[in-house]
Amino acid sequence: MIDPITQKLVLNNRLLTCSKFVTNGGIACDVGTDHAYLASYLVKQKISRRVFACDIAKGPLEAANATVTKLGLQDKVTLILSDGLDNVPDEGVTDVIIAGMGGELIQDIVLRAKWLKNGVNLVLQPQTKAAELRTALCKNGFEIKTEKACRDRKFIYTVINASYTGKVDHLNEVEAITGKLDLSDPTAKEYIKTVAARLKSSAFGIARSKDEAQREEAKKLADLANKLCALAEEK
Ligand SMILES: C[S@@+](CC[C@H](N)C(=O)[O-])C[C@H]1O[C@@H](n2cnc3c(N)ncnc32)[C@H](O)[C@@H]1O
């Protein structure tokens, strides 16, 4: 946000964590830029030389334009109306950041843009379905290089850093949830425990179902949750 008193750009911890994975001196593309806070931060901090700030909707792009104009960054931040990366000129783009969207939408945007296979650095912050996103990335030759959990007010997120290597990997159900998180990091432990709690609650919801398949599913979910808790405790 732009601080109403100092008029300075202040980034929340979630977007700040994303910014840490962006290549120094590169050209970045922020997909679903909304207010262009991350895009503006990247050029203001001289992390990126230039940023394409894209959004599918005109309203967010108007908000982005207001931020960029207020900060005088029009020569470094280019606003583009685009569904995913469809209208983004791929030449020279070193980094693509997709933050604050569901994992399935992120997956769709990444897999649709074939030019990402040229080794573009991906910074992905799913709001939901992170396990599905990791699974799809690895199945399609994208390698998860590293991952960092972060807390932003009362929510906990993960930021995935990946790029295409062509190496196909099939993650098991635990790997799909833990990804490349460093489980000795207290925030990563907290993230895993949050996912485990969600699984336990789903298991609880169907444990007394009349349907045997549902009761089996409840057992599987509870087992997975217990495995995750044990992992988070042991490191
Ligand atoms: C919740 S906001 C996230 C904004 C910012 N990236 C962040 O993390 O704070 C999601 C933004 O993504 C945009 N969006 C949704 N689907 C999109 C798509 N297919 N292509 C580009 N932008 C999209 C929405 O219009 C909205 O501005």
Side-chain angles (χ1 to χ4, degrees), residues 1-4 8-23 26-45 47-48 50-71 73 76-90 93-116 120-130 132-134 136-137 140 142 147-162 187 191:
M1 60 172 244
I2 308 261
D3 186 302
K8 284 197 175 150
L9 177 63
V10 186
L11 221 52
N12 62 36
N13 194 36
R14 178 178 60 84
L15 291 178
L16 198 61
T17 306
C18 290
S19 77
K20 302 215 167 110
F21 289 108
V22 176
T23 316
I27 299 178
C29 175
D30 179 24
V31 181
T33 196
D34 201 358
H35 283 77
Y37 293 143
L38 176 62
S40 300
Y41 180 87
L42 290 174
V43 292
K44 230 176 160 3
Q45 295 300 314
I47 296 170
S48 306
R50 200 173 155 208
V51 178
F52 295 117
C54 318
D55 209 286
I56 196 171
K58 284 190 181 154
L61 274 189
E62 279 162 18
N65 188 38
T67 304
V68 170
T69 307
K70 195 164 200 169
L71 298 170
L73 299 172
K76 298 244 167 73
V77 180
T78 307
L79 305 178
I80 303 177
L81 187 66
S82 177
D83 181 355
L85 290 157
D86 291 358
N87 300 335
V88 177
D90 56 349
V93 173
T94 53
D95 302 81
V96 166
I97 308 115
I98 314 176
M101 292 186 209
E104 282 166 334
L105 179 55
I106 295 178
Q107 173 186 327
D108 176 54
I109 293 172
V110 169
L111 298 184
R112 224 168 57 212
K114 301 295 174 220
W115 55 271
L116 293 182
V120 174
N121 183 48
L122 299 178
V123 182
L124 312 172
Q125 184 270 301
Q127 296 291 88
T128 57
K129 310 248 175 188
E132 287 81 347
L133 174 61
R134 291 185 195 94
L137 287 171
N140 286 283
F142 289 86
E147 198 166 332
K148 177 104 183 111
C150 65
R151 172 166 278 287
D152 196 12
R153 287 173 290 174
K154 60 181 178 146
F155 296 108
I156 191 150
Y157 303 95
T158 188
V159 178
I160 299 170
N161 184 206
T187 315
Y191 171 85

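Whatever order the structure lists them in is the order used to number ligands and atoms, beginning at 1.
Using a 4.0 Å cut-off between heavy atoms, Ile98 makes no contact with ligand 1 at all. At a 4.0 Å heavy-atom cut-off, ligand 1 does not touch Leu38 at all. With a 4.0 Å cut-off on non-hydrogen atoms, Cys54 does not touch ligand 1 at all.
Residues Tyr41 and Ile47 are in side-chain contact: their nearest non-hydrogen atoms beyond the backbone lie under 4.5 Å apart. In this structure, the side chains of Cys54 and Leu85 stay at 4.5 Å or more apart for every pair of heavy atoms. Using a 4.5 Å heavy-atom cutoff, the side chains of Ile80 and Pro89 are in contact. With contacts defined as side-chain heavy-atom distances shorter than 4.5 Å, the pair Ile97/Leu15 does not qualify.
Here the heavy atom of the protein found nearest to atom 10 (C) of ligand 1 is Gly100 O, 4.0 Å. The protein atom (non-hydrogen) at minimum distance from atom 3 (C) of ligand 1 is Ala99 O, 3.7 Å. Closest to atom 2 (S) of ligand 1, if we only count protein heavy atoms, is Asp34 OD2, 4.0 Å. Ranking the protein heavy atoms by distance from atom 27 (O) of ligand 1 puts Asp55 OD2, 2.7 Å first. Considering only non-hydrogen protein atoms, atom 6 (N) of ligand 1 sits nearest to Gly32 O, 2.7 Å.
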inquiry  = Using the rule given for side-chain contact (heavy atoms from CB on, under 4.5 Å), can you reason through Leu105 versus Ile98, listing the C-alpha separation, both sets of side-chain angles and the distance that settles it, and then say yes or no?
reply    = CA-CA 10 Å; Leu105 179 55; Ile98 314 176; over 6 Å; no
ask   = Going through the distances and angles, do Met101 and Val31 end up as a side-chain contact (heavy atoms from CB on, under 4.5 Å)?
value = CA-CA 10 Å; Met101 292 186 209; Val31 181; 4.2 Å; yes
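The ligand atoms of ligand 1 that sit less than 4.0 angstrom from a heavy atom of Pro60 are 25 (O), 27 (O). The atoms of ligand 1 that sit less than 4.0 Å from any heavy atom of Leu105 are 16 (N), 19 (N). Near Gly84, meaning under 4.0 Å from any of its heavy atoms, are these atoms of ligand 1: 18 (C), 19 (N), 20 (N), 21 (C). Set against the non-hydrogen atoms of Met101, the atoms of ligand 1 under 4.0 Å away are 12 (O), 14 (N), 22 (N), 23 (C). Listed by number with element, the atoms of ligand 1 under 4.0 angstrom from any heavy atom of Ser82 are 20 (N), 21 (C).
For Asp95 (side chain) and Thr23 (main-chain N/O), a donor-acceptor pair under 3.5 Å exists by modelled atom type. In this structure a side-chain-to-backbone donor-acceptor pair under 3.5 Å is missing from Ser48 to Val43. In this structure, Arg151 contributes its side chain and Arg153 its backbone to a donor-acceptor pair below 3.5 Å.
At least one N or O atom of Arg14 sits closer than 3.5 Å to an N or O atom of ligand 1. The shortest N or O to N or O distance between Val31 and ligand 1 is not below 3.5 Å.
Every heavy atom of His35 sits 4.0 Å or more from the atoms of ligand 1.
The side chain to side chain donor-acceptor pair (under 3.5 Å) pairs that include a residue from residues 100-110 are Asp108-Arg112, where partners are two or more places apart or lie in different chains.
Using cut-offs of 30° and 60° on the angle between ring planes, the pair Phe155 and Tyr157 is tilted.
The option from Asp83, Ile56, Ile109 that lies nearest to atom 22 (N) of ligand 1, judged by heavy atoms, is Ile56.
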